[in-house]
*Asks:* 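For reference, the structure I am asking about is given below.
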Amino acid sequence: MSTVDGAMISSLTSAKKMQGYKVTDNKRSRKFGIAANSLKMLTERAGTKFNIKDCSLYLAKDGMKVTDEAYFATIEPQTLFVAVGPGEKDVMTEYDITMKNIRDNIGKGNLNHDYILQTLLEEYPERFSKAIAKYQKTYFQDRSKLDFSLRSEHEEWFRGTEKTCKTKEEAMGKRAQDRIRGYYYKTKEEIIKSDLYETNEKARQMFHRILDIFRYLLIGCNYFSMMFDRKCKRKHPSLQDQTDASALPSKRMRQMIKEYATRTEMFEDWSVSLCNDSGEFFCQGLYSNTGGCDKGHSINPYICRENLLVFQVWNLDHQIELARTIVPSLIENVRSLLENPNQKCPLHGKKVKDVNIIEYFLELFSVKNLKLVYIVCHDKTQRKNSSNGRLVCDKCSEYNLIKDFTDFTESIDC
Ligand SMILES: [Zn+2]
Ligand SMILES: [Zn+2]
Ligand SMILES: [Zn+2]
């Protein structure tokens with residue numbers, strides 16, 4: 001009977017296409033790409049590769065044993081399997097492996113916690129927020145070292161953070177910078193994969209110019225490191241019982257940028273700290289909830305190492321979304337400028353000259369468009385808002401701000 005089954009399976013599957021899969025062993029010592037057109041073939045080939053007799057395959061994602069050809073046929077190519085022999089009982093899932101890595105490496109200073117936590121969170125959001133909710137209920141917070149700032153005063157807090165950071169404020173500032181820098185690379189990636197970038201040499205040059213200006217502006221505002229720095233005296237308006245960052249008058253902002261004396265003063269209104277003087281951050285609430293957070297979420301990462309780790313699940317939420325809205329708008333405006341260079345600025349009736357780089361910059365990187373929210377208040381559904389970026393003429397103040405700024409940066413380049 002079994003030989004008949006086997007023959008039937010191979011005759012059924014012989015018509016199927018060969019697909020690539022990934023297979024690893026339970027210790028994750030090696031990983032192979034293996035082509036197969038059936039579960040039977042993949043199991044045999046994995047057994048040979050890893051030298052396992054009576055090999056079984058499990059999904060690395062959740063540790064489920066795969067025994068059914070029909071189910072196997074629904075599994076995406078490039079899925080990772082774990083090849084396990086009959087003696088091995090506990091199959092390590094990807095989650096287990098990541099947790100083990102964290103446990104093994106935490107405190108040794110040789111692991112990028114931020115990266116791992118971020119990865120973990122993105123892949124297992126429900127699991128993580130449950131664990132954290134439980135932790136926050138049960139964990140007694142010892143606030144006795146809250147006000148300490150130096151590494152020597154609170155060494156435990158600094159475990160795993162860069163050796164160069166001497167104070168908590170510096171370490172927190174660096175975390176803010178890492179997030180903002182991440183948005184820069186995300187923006188760059190989104191632009192580079194666009195059709196316009198790929199197919200149009202002029203557009204490519206414009207995008208590189210815009211990305212360069214973004215980078216200089218980021219240097220100018222120190223990648224908004226002050227966002228997480230409790231010693232920064234300028235506080236976000238939400239800390240003075242004002243919750244709507246976007247309600248700040250942009251005219252005043254423009255006025256202030258115009259009068260810039262040094263580069264760092266360019267974004268004074270947006271160069272604010274999101275925490276109070278003791279280091280307490282308050283959730284700014286769901287995107288859909290204009291009144292802020294109704295659950296009273298707050299956290300002080302300066303208190304202890306655990307809070308610092310939990311702070312990783314506090315997200316900066318782009319109110320106008322980066323990849324779905326801001327970057328596509330930037331790309332469309334570059335396209336429009338190149339295809340129709342004679343169009344007029346709706347405000348001044350003069351020929352347009354550039355895209356509104358300042359507006360895009362603020363939407364991508366500043367608290368003008370970023371809300372700090374606890375993960376359960378991070379709304380991931382699609383939004384209906386749109387970018388305020390547009391084309392500008394040389395009468396537009398935004399155009400001149402960037403022109404003055406680039407003249408300035410070019411003068412220091414030389
Ligand atoms: Zn909240
Ligand atoms: Zn978001
Ligand atoms: Zn204009």
Side-chain angles (χ1 to χ4, degrees), residues 118 121-122 125 128-130 132-133 136-137 179-180 182-183 186-187 190 227 236 238-239 243-246 250-251 254 258 274-275 280-301 307 310-328 333 336-337 340-360 363-404:
Q118 212 58 48
L121 279 168
E122 271 158 24
F128 225 80
S129 48
K130 254 186 231 156
I132 281 161
Q136 287 192 321
K137 269 198 206 112
R179 294 195 192 194
I180 298 300
Y183 299 142
K186 178 80 183 150
T187 301
E190 291 291 326
M227 263 190 323
H236 189 272
S238 68
L239 294 164
T243 41
D244 194 4
S246 59
S250 66
K251 222 179 187 176
R254 282 186 215 133
K258 243 184 192 171
L274 293 171
C275 62
E280 194 87 21
F281 291 84
F282 303 90
C283 174
Q284 293 177 275
L286 282 168
Y287 167 72
S288 50
N289 193 348
T290 47
C293 175
D294 48 19
K295 297 192 184 66
H297 297 133
S298 72
I299 186 161
N300 190 329
N307 278 20
V310 171
F311 189 65
Q312 285 303 118
V313 292
W314 281 65
N315 299 156
L316 287 166
D317 180 13
H318 281 91
Q319 303 298 288
I320 305 164
E321 292 172 284
L322 186 151
R324 270 197 204 133
T325 313
I326 307 172
V327 176
N333 274 320
S336 163
L337 182 63
N340 187 3
N342 290 319
Q343 60 185 299
K344 303 274 190 293
C345 166
L347 270 96
H348 306 101
K350 289 195 72 185
K351 216 170 102 172
V352 292
K353 288 210 157 167
D354 202 352
V355 294
N356 191 343
I357 296 177
I358 283 274
E359 188 61 37
Y360 284 118
E363 287 182 355
L364 287 165
F365 306 114
S366 83
V367 295
K368 185 184 185 194
N369 186 41
L370 290 169
K371 258 190 187 179
L372 182 69
V373 296
Y374 183 46
I375 191 160
V376 299
C377 282
H378 194 173
D379 209 332
K380 299 265 187 175
T381 53
Q382 188 147 12
R383 299 164 188 191
K384 290 193 182 74
N385 58 14
S386 54
S387 166
N388 297 305
R390 60 181 182 94
L391 295 176
V392 288
C393 75
D394 61 11
K395 282 256 159 114
C396 288
S397 56
E398 296 96 325
Y399 173 84
N400 290 300
L401 289 171
I402 285 298
K403 194 175 173 303
D404 290 352

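Predicted model only: the values in this text are computed from it and were never measured. Start at 1 and go down the list; that is how both ligands and their atoms are numbered.
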*Asks:* For the Zn ion (ligand 1), which N, O or S atom of His297 is at the shortest distance?
*Replies:*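 In His297, the N, O or S atom with the shortest distance to the Zn ion (ligand 1) is ND1.
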
*Asks:* About how many Å separate CZ of Arg390 and CD of Glu398, when rounded to the nearest 0.5 Å?
*Replies:*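 It comes to 5.5 Å.
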
*Asks:* Please answer whether the main-chain N or O of Asp394 pairs with a side-chain N or O of Asn400 as donor and acceptor at a distance below 3.5 Å.
*Replies:*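 At least one qualifying donor-acceptor pair exists.
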
*Asks:* Heavy-atom distance under 4.5 Å between the side chains of Asn315 and Ile375, does that happen here?
*Replies:*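 Yes, at least one pair of side-chain atoms sits under 4.5 Å.
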
*Asks:* No waters, cut-off 2.8 Å: how many protein N, O or S atoms are close to the Zn ion (ligand 2)?
*Replies:* 2

*Asks:* Evaluate Tyr360 against Asn388 for side-chain hydrogen bond (donor to acceptor under 3.5 Å, both in side chains), listing each step before the verdict.
*Replies:* CA-CA 8 Å; Tyr360 284 118; Asn388 297 305; over 6 Å; no

*Asks:* Could you walk me through whether Asp294 and Asn289 pass side-chain hydrogen bond (donor to acceptor under 3.5 Å, both in side chains), step by step?
*Replies:* CA-CA 8 Å; Asp294 48 19; Asn289 193 348; 3.1 Å; yes

*Asks:* With the Zn ion (ligand 1) at the centre, find the angle made by SG from Cys283 and SG from Cys377, to 10°.
*Replies:*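 Taking the Zn ion (ligand 1) as the apex, I get 110° for this pair.
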
*Asks:* Answer yes or no: is there an ion pair linking Arg324 with Glu190, defined by an N-O contact shorter than 4.0 Å?
*Replies:*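 The answer is no: the pair does not qualify as a salt bridge.
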
*Asks:* For a quick check under 3.5 Å, do Tyr287 and Asn385 share a side-chain donor-acceptor pair by atom type?
*Replies:*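 A donor-acceptor contact under 3.5 Å links the two side chains.
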
*Asks:* Under 2.8 Å from the Zn ion (ligand 3), which protein N, O or S atoms are there? Could you list them by chain and number?
*Replies:* Cys345 SG, His348 ND1, Cys393 SG, Cys396 SG

*Asks:* Mind telling me whether His318 and Tyr183 have parallel, tilted or perpendicular rings, with 30° and 60° as the class edges?
*Replies:*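 Perpendicular: the ring planes of Tyr183 and His318 meet at over 60°.
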
*Asks:* Are the charged groups of Lys371 and Asp317 less than 4.0 angstrom apart, N to O?
*Replies:*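 Answer for the salt bridge query: no.
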
*Asks:* Taking the inter-plane angle between the rings of Phe281 and Phe311 on a 0 to 90° scale, is it parallel (under 30°), tilted (30 to 60°) or perpendicular (over 60°)?
*Replies:*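 It falls in the tilted class, 30° to 60°.
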
